[in-house]
Amino acid sequence: MILLSGLVPLLAVVLLHLVTPTQAFYLPGLAPVNFCKKTDVSSTCKSEIFLYVNRLNTEESELPYEYHHFDFCLGEEANSPVENLGQVVFGERIRPGPYKIQFLENQQCAKACTKNYKGDDPVSNRRMMVLKKGISLNYQHHWIVDNMPVTWCYPLENGKQYCGTGFPMGCLVRSDGEGCPINSIYNQPLHYYPFNHVDLEITYHSGQAEDWGIQFGNSGRIISVKVTPKSIKHADPDHPNCLGSEPLAISENSLKAGEQLNIVYTYSVKFIKNDAIKWSSRWDYILESIPHTNIQWFSILNSLVIVLFLSGMVAMIMLRTLHKDIARYNQMDSGEDAQEEFGWKLVHGDVFRPPRKGMLLSVFLGSGAQVLVMCMITLAFACLGFLSPANRGALMTCSMVLFVSLGTPAGYVSARIYKSFGGLKWKSNVILTSIVCPGVVFSLFFVMNLVLWGESSSGAVPFSTLVALLALWFGVSVPLTFVGAYFGFRKRALEHPVRTNQIPRQIPDQSIYTQPIPGIVMGGVLPFGCIFIQLFFILSSLWSSQMYYMFGFLFLVFVILVITCSETTILLCYFHLCAEDYHWWWRSFLTSGFTAVYLFIYCCHYFVTKLSIKDSASTFLYFGYTAIMVFLFFLLTGTIGFFACFWFIRKIYSVVKVD
C-alpha cells in the first residue's frame with residue numbers, strides 16, 4: 001500500500017494517455033501521422049511537414065548550445081513545442097526550422113536566408129568567431145521531422161553503413177590537410193567549410209493500398225529523412241546555384257576592414273516512395289546500424305558466468321558448511337560442549353549490536369531503497385515501450401517523477417531500520433532522510449547549472465524549472481517521506497532471533513583477508529564485472545549522443561547486478577562471522593557499495609580514452625555529473641548488499657539453539 005501511494009501520480013498520467021480514444025492502440029506519443037498533397041488536406045491528413053531543430057552538441061565539449069547561438073537561419077521560434085521536464089534537464093531546446101516542406105513537392109536549391117558578415121563590424125566579427133569555433137569543435141546539428149531524427153548516413157571501414165542522428169555544421173582543414181574526410185574537394189589548409197546546403201531525402205510509405213490512405217489518393221507516412229550536408233559557394237545570393245562544385249572556404253584569419261562575406265543557406269528536398277518498409281519499423285535502420293550490438297550477448301554471457309560461479313559458492317556454503325554448522329551447534333546440549341562453541345555461533349550475542357553512526361546508515365538505506373524501487377519501475381516501463389527513443393525526455397521525466405513520488409518507501413525503510421537500532425531521535429531521522437541524499441544530488445546539479453549559466457549554454461536549466469524541482473522536492477517528496485516514516489515508527493521494532501549481550505565481545509586479530517578494507521575493496525569487483533560492458537553503451541548515449549534502446553538487455557543486467565551484489569555480500573559476511581568479526585552492518589553496505597568506486601574509475605578511463613574534451617568547464621561538468629551518478633549507484637548497490645546480508649544473518653541465527 002505504501003509503495004502504491006507513490007505511484008498514483010505516474011499511473012494516472014499513463015492511464016490518461018491510454019484511455020484517449022484512437023482508431024488503434026498506440027503507445028503514448030507514438031501515433032502515426034498521415035501526410036497528403038496540399039489539394040487533399042483534411043482533418044485526418046496534412047500536407048505541411050515541419051522540420052524542427054534541436055540544440056547542437058559535440059564530443060569535444062560538454063557545453064550544448066541552442067540553434068540560434070551560431071547565427072543560422074531562424075524559423076518562427078514563437079511556435080516552438082513545449083519541452084517536458086526530462087528534455088529541459090538534458091538541455092534539449094527544440095525550435096521550428098527555417099525550411100518549408102510540403103508533402104510530395106520536390107524542391108531544388110530553395111533559399112532559406114542569407115547571412116552577411118563585414119570586417120569592420122564588431123558584432124559581425126563576433127558572430128563569425130562563434131561560427132568558426134563551432135566548426136572547429138565539430139558541433140553537430142540534431143534535426144527532427146515527424147518525431148524522427150534526421151539522419152546522416154555514411155560508410156564505415158568494415159563496409160557497413162552507419163546512420164547517426166546528428167551531422168556536422170562544417171569542417172576545418174588543419175595545417176596537415178586532415179580534418180575534412182567528407183569530401184576530397186574540402187582540402188584547403190587552415191580554412192573553414194561551413195555546410196550551408198543540405199539535401200533532404202524523405203522516404204515515405206504510400207497509403208494507396210492501406211486502409212488509412214484509400215480516401216486521400218497520394219498519401220503516405222514518413223519512414224525516414226536522410227540529410228547530406230554540403231558546402232557551396234553561391235556567386236549570386238539572390239539566385240543561388242546548387243549545381244556548382246566550388247565549396248565555400250573561409251580563411252581562419254578575421255575579415256579585413258571593408259571586406260564582406262555572404263553565406264547563403266539553401267536546401268533541396270526529394271521524396272522517395274518505399275512500400276517495403278512499414279511505418280512501425282521505421283526506426284530499424286537507425287538501430288541496426290549502431291555498431292557493437294553483438295557485444296551485448298557477450299556481456300550477458302559474461303555476467304551469467306559470474307552469477308553461476310557465485311551461486312555455486314553460496315549454494316555450497318548453504319547446503320554443506322552451514323548445514324553441518326547448524327547440525328553441530330544444535331547437538332551441543334551439555335555445558336561442557338557449550339564451552340566448545342566456535343565459528344559464527346560464538347558471536348551470537350553481538351551480531352545484532354547496533355552499529356556506530358546508525359542514524360546515517362538508516363538514512364542511506366532509506367534513500368537507497370527509494371533509488372532501487374525507482375530503477376525497477378523505470379526499467380519495467382522502458383521494457384514495455386513507454387520510454388522509447390521516440391518519447392524524448394520520457395526516461396528522465398519518469399525517473400524524476402518516480403523518485404519524488406517514492407518518498408514513502410524511503411521514510412518507511414529508514415524509520416524501521418533506525419528503530420531496530422534503538423534510536424529515539426525520530427524527528428532527526430525523518431528530516432535527514434528527506435534532505436541529505438536528495439540535497440547532495442540537487443547541490444551538485446545546481447553547481448553544474450551555475451557553470452552552464454556562466455558559459456551561456458542551452459544545457460542550463462531555467463530558474464523557473466529549478467523552482468519547480470524544489471517545489472516537487474519539498475511539496476511532494478518530503479511530505480511523502482514523513483508519511484512513510486509515520487507508518488515505520490508506528491510498527492513494533494524488529495525482533496532479532498538472538499539477544500544481544502550487555503558487554504561487547506572482543507574481536508580477535510584478523511588476517512589480511514578478513515580485515516575490513518581488503519574485504520570491501522574485493523567485494524565490488526564481481527558486481528562491476530557484470531555491468532562494465534553495458535556501461536560503455538550507457539556512457540556513449542550520455543556523452544557521445546548515441547541512441548540507447550536496449551532496455552531488455554539493461555533489465556537483465558540489472559537483475560544480474562542485484563543477484564551478484566547480494567551473493568558477494570553474503571559470502572564475505574559469512575567469512576567475517578566465521579572469523580568472529582561481528583561488525584557487519586556498515587561492512588555489508590560498503591562491500592557492494594564499493595562497486596560505485598569502480599564505476600568512477602571506469603568513467604575516468606572513458607573520459608581519457610573515448611572523449612576529446614580539453615576545456616576546463618567541460619571537464620568540470622563531466623566529473624560533476626559523474627559524481628551524481630556514482631553517488632546514486634553507491635546508494636543503490638549498498639542497499640542491495642545490506643538487505644541481502646541482513647536477511648542471511650537473521651536466517652542463520654534463527655535456526656540455531658542459543659541458551
Side-chain angles (χ1 to χ4, degrees), residues 1-8 10 352 354-379 399 401-441 473 476-496 558 561-562 565-566 569-570 573 584-593 596 631-651:
M1 289 297 293
I2 298 172
L3 177 62
L4 289 176
S5 67
L7 294 179
V8 169
L10 182 69
F352 291 107
R356 297 177 180 177
K357 307 292 183 182
M359 173 75 80
L360 182 61
L361 179 60
S362 63
V363 168
F364 279 175
L365 290 171
S367 296
Q370 189 176 8
V371 175
L372 175 62
V373 178
M374 177 200 75
C375 291
M376 292 170 59
I377 300 175
T378 302
L379 284 174
S399 300
V401 170
L402 280 173
F403 185 82
V404 169
S405 304
L406 291 169
T408 305
Y412 180 81
V413 170
S414 180
R416 291 281 282 163
I417 295 296
Y418 182 66
K419 192 173 183 180
S420 73
F421 293 160
L424 301 175
K425 299 178 181 178
W426 64 270
K427 293 180 182 178
S428 300
N429 175 259
V430 181
I431 294 173
L432 291 174
T433 303
S434 58
I435 297 295
V436 171
C437 294
V440 170
V441 173
W473 180 12
V476 179
S477 182
V478 172
L480 287 176
T481 305
F482 273 80
V483 171
Y486 170 76
F487 286 105
F489 279 114
R490 277 191 60 186
K491 286 210 163 198
R492 292 177 57 188
L494 291 170
E495 294 184 3
H496 300 308
F558 179 76
L561 174 67
V562 172
C565 285
S566 303
T569 310
I570 288 174
C573 183
W584 65 273
W585 299 94
W586 271 107
R587 186 181 293 140
S588 63
F589 184 86
L590 296 174
T591 297
S592 54
F631 178 67
L632 293 175
F633 193 73
F634 168 71
L635 295 177
L636 171 70
T637 52
T639 301
I640 294 169
F642 175 87
F643 282 110
C645 191
F646 189 52
W647 169 84
F648 172 75
I649 288 178
R650 287 176 61 87
K651 197 72 176 175

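Not measured: the values here are computed from a predicted model.
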Query raised in the report: Taking the inter-plane angle between the rings of F646 and F352 on a 0 to 90° scale, is it parallel (under 30°), tilted (30 to 60°) or perpendicular (over 60°)?
Result: perpendicular

Requested in this report: Could you give me the CA-CA distance, side-chain angles and deciding distance for L402 and T378, then say whether side-chain contact (heavy atoms from CB on, under 4.5 Å) is met?
Outcome: CA-CA 8 Å; L402 280 173; T378 302; 3.3 Å; yes

Query raised in the report: Would F421 and W585 satisfy side-chain contact (heavy atoms from CB on, under 4.5 Å), going step by step from the backbone distance to the final call?
Result: CA-CA 11 Å; F421 293 160; W585 299 94; 3.4 Å; yes

Report summary line: When every non-hydrogen atom of T637 is compared with those of G593, the smallest separation belongs to OG1-CA, 3.4 Å

Query - Non-hydrogen atoms of T433 and S367 that approach each other most closely - result: O-OG, 3.9 Å

Query raised in the report: If only atom types and distance count, is the side chain of S414 paired as donor or acceptor with the main-chain N or O of S362 below 3.5 Å?
Result: yes

Query - Between CG on residue L424 and CG on residue N429, distance to nearest 0.5 Å - result: 11.5 Å

**Report entry** Reported CE-to-CG distance for the pair M374 and L632, which is rounded to 0.5 angstrom
**Finding:** 6.5 Å

Query raised in the report: At their closest point, which heavy atom of V413 faces which heavy atom of L365, and how far apart are they?
Result: CG1-O, 3.9 Å

Query - Distance in Å, Q370 CD paired with Y412 OH, rounded so as to fall on 0.5 Å steps - result: 16.0 Å

Requested in this report: Identify, with sequence neighbours excluded, every residue that meets ring-ring contact (aromatic ring centres under 6.0 Å, His included) alongside F403.
Outcome: none

Query raised in the report: Measuring from F642:CZ to S566:OG, what's the distance to the nearest 0.5 Å?
Result: 13.0 Å

Requested in this report: Kindly give the heavy-atom pair with the smallest separation between S434 and W473, and that separation in Å.
Outcome: O-NE1, 3.0 Å

Query - Any donor-acceptor N/O pair, Y418 side chain to K425 backbone, under 3.5 Å - result: yes

Report summary line: Between the CD1 atom in I435 and the OG atom in S428, the distance rounded to the nearest 0.5 Å is 12.5 Å

Query - Sub-4.5 Å side-chain heavy-atom contact between F643 and I417 - result: yes

Query raised in the report: Roughly how far, to the nearest 0.5 Å, is the CG atom of L361 from the CG atom of L590?
Result: 8.5 Å

Query raised in the report: With side chains defined as the heavy atoms from C-beta onward, is the minimum distance between L372 and I640 less than 4.5 Å?
Result: yes

Query raised in the report: Between C437 and L635, which heavy-atom pair has the shortest distance, and what is it?
Result: SG-CD1, 3.8 Å

Report task. Give the minimum heavy-atom separation between G488 and K419, together with the two atoms involved. Result -> O-CD, 4.4 Å

Query raised in the report: Would you call the rings of F634 and F589 parallel, tilted or perpendicular, where under 30° means parallel and over 60° means perpendicular?
Result: perpendicular

Requested in this report: Check step by step if side-chain contact (heavy atoms from CB on, under 4.5 Å) holds for L360 and W586.
Outcome: CA-CA 10 Å; L360 182 61; W586 271 107; 4.0 Å; yes

Report task. Enumerate the residue pairs fulfilling side chain to side chain donor-acceptor pair (under 3.5 Å) with a member in residues 478-491, sequence neighbours excluded, ordered by first and then second residue. Result -> Y486-R490

Query raised in the report: When you look at R587 and C573, which way does the side-chain contact (heavy atoms from CB on, under 4.5 Å) test go after all the steps?
Result: CA-CA 8 Å; R587 186 181 293 140; C573 183; over 6 Å; no

